Amino acid sequence: MKPALIVLAIAAAGPVLAQQADGLAQASGALLRGLDKISGISTDIPVRVNERVDFGQISVTLKQCRYPANDPASNAYAYLQINEKDGKTDFEGWMIADSPALSALDHPRYDVWVIRCNNS
């Protein structure tokens with residue numbers, strides 16, 4: 001095999017190898033849960049990768065959702081962007097399903113956390 005083809009094959013396999021190395025798989029969506037702290041009503045929020053959904057006066061965009069490839073039900077890692085309706089960013093970063101307080105939305109009215117990744 002020519003050196004250029006070898007380099008191309010390794011570069012193309014890079015994301016797959018990285019995904020296998022950390023043991024995480026990518027999902028096409030996630031199930032989030034939102035809480036309106038004033039009304040006390042919680043709502044399940046299904047969202048797909050790169051989709052924006054509105055929840056009350058905020059919007060939530062799922063950028064990525066990853067889960068342990070060998071045990072999909074054990075945990076979920078979601079990269080979220082949460083904005084006010086006026087465009088102000090309230091949160092951007094990773095949320096972890098089994099440690100929601102580790103990286104949480106700090107909003108006076110709403111709370112959002114990750115339940116699980118899904119591929120449906």
Side-chain angles (χ1 to χ4, degrees):
M1 189 178 263
K2 294 183 179 181
L5 290 176
I6 292 171
V7 169
L8 182 60
I10 290 171
V16 173
L17 294 174
Q19 180 174 313
Q20 292 171 349
D22 65 11
L24 298 176
Q26 297 269 355
S28 60
L31 179 64
L32 310 176
R33 186 159 292 147
L35 173 66
D36 183 327
K37 297 177 196 177
I38 293 175
S39 70
I41 297 173
S42 66
T43 305
D44 285 351
I45 307 167
V47 62
R48 303 198 49 79
V49 171
N50 294 320
E51 177 185 26
R52 189 189 92 193
V53 295
D54 292 331
F55 175 66
Q57 297 299 311
I58 60 173
S59 65
V60 180
T61 305
L62 175 67
K63 299 293 188 176
Q64 292 184 50
C65 198
R66 299 178 185 179
Y67 59 92
N70 59 350
D71 189 8
S74 67
N75 205 1
Y77 309 91
Y79 192 88
L80 301 174
Q81 182 177 11
I82 302 174
N83 297 323
E84 296 283 339
K85 294 287 184 175
D86 64 5
K88 176 184 162 258
T89 300
D90 286 321
F91 177 87
E92 184 168 7
W94 290 97
M95 283 190 184
I96 303 170
D98 71 355
S99 299
L102 186 63
S103 180
L105 170 65
D106 183 21
H107 192 276
R109 180 165 184 175
Y110 301 105
D111 197 2
V112 174
W113 64 95
V114 182
I115 302 298
R116 67 176 170 271
C117 294
N118 59 39
N119 285 309
S120 56

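Because the structure is predicted, anything quoted here is derived from the model rather than measured. The first residue in the sequence is number 1, and the count goes up from there.
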Holding to side-chain hydrogen bond (donor to acceptor under 3.5 Å, both in side chains), I want the full list of residues that pass it with Asn70, two or more places apart in sequence or in another chain. none

Rounded distance [0.5 Å steps], NZ in Lys63 versus CH2 in Trp94: 12.0 Å

For residues 46-53, please give each side-chain donor-acceptor pair under 3.5 Å, one per line with the distance, not counting sequence neighbours.
unit_1, atom_1, unit_2, atom_2, d
Arg48, NH1, Ser120, O, 2.5
Glu51, OE1, Arg48, N, 2.7

Search all heavy atoms of Asn118 against all heavy atoms of Ala27 and return the closest pair with its distance. O-CB, 3.5 Å

Co-members of Leu31 in a cluster of I, L, V, M, F, W and Y side chains, linked at under 4.5 Å: Leu35, Trp113, Ile115

Hey, could you give me each pair passing side-chain hydrogen bond (donor to acceptor under 3.5 Å, both in side chains) that has a residue in residues 96-109? Not counting sequence neighbours. Asp36-Arg109, Asn75-Asp98, Glu84-His107

Please say yes or no: joined through hydrophobic side-chain contacts below 4.5 Å, possibly via intermediate residues, are Val114 and Tyr110 part of one cluster? yes

Value rounded to 0.5 Å, distance of CD1 in Ile82 from CE in Met95: 4.0 Å

Not counting sequence neighbours, which residues clear side chain to side chain contact (heavy atoms under 4.5 Å, CB included) with Glu92? List them please. Tyr79, Gln81, Thr89

Is Leu80 close to Thr61 at the side-chain level, that is, under 4.5 Å between some pair of heavy atoms? no

When clusters are formed by joining ILVMFWY residues with side-chain heavy atoms under 4.5 Å apart, either directly or through shared neighbours, do Leu62 and Ile45 land in the same one? yes

CG on Asp111 to CG on Leu32, rounded to 0.5 Å: 11.5 Å

Enumerate the residue pairs fulfilling disulfide (SG to SG under 2.5 Å) with a member in residues 46-120, sequence neighbours excluded, ordered by first and then second residue. Cys65-Cys117

If two hydrophobic side chains count as joined below 4.5 Å and joins carry through other members, does Leu102 share a cluster with Tyr77? yes

So which atom in Lys85 and which in Gly56 form the shortest heavy-atom distance, rounded to 0.1 Å? CE-O, 3.4 Å

Enter the distance from Thr43:OG1 to Phe55:CZ here, rounded to the nearest 0.5 Å. 4.5 Å

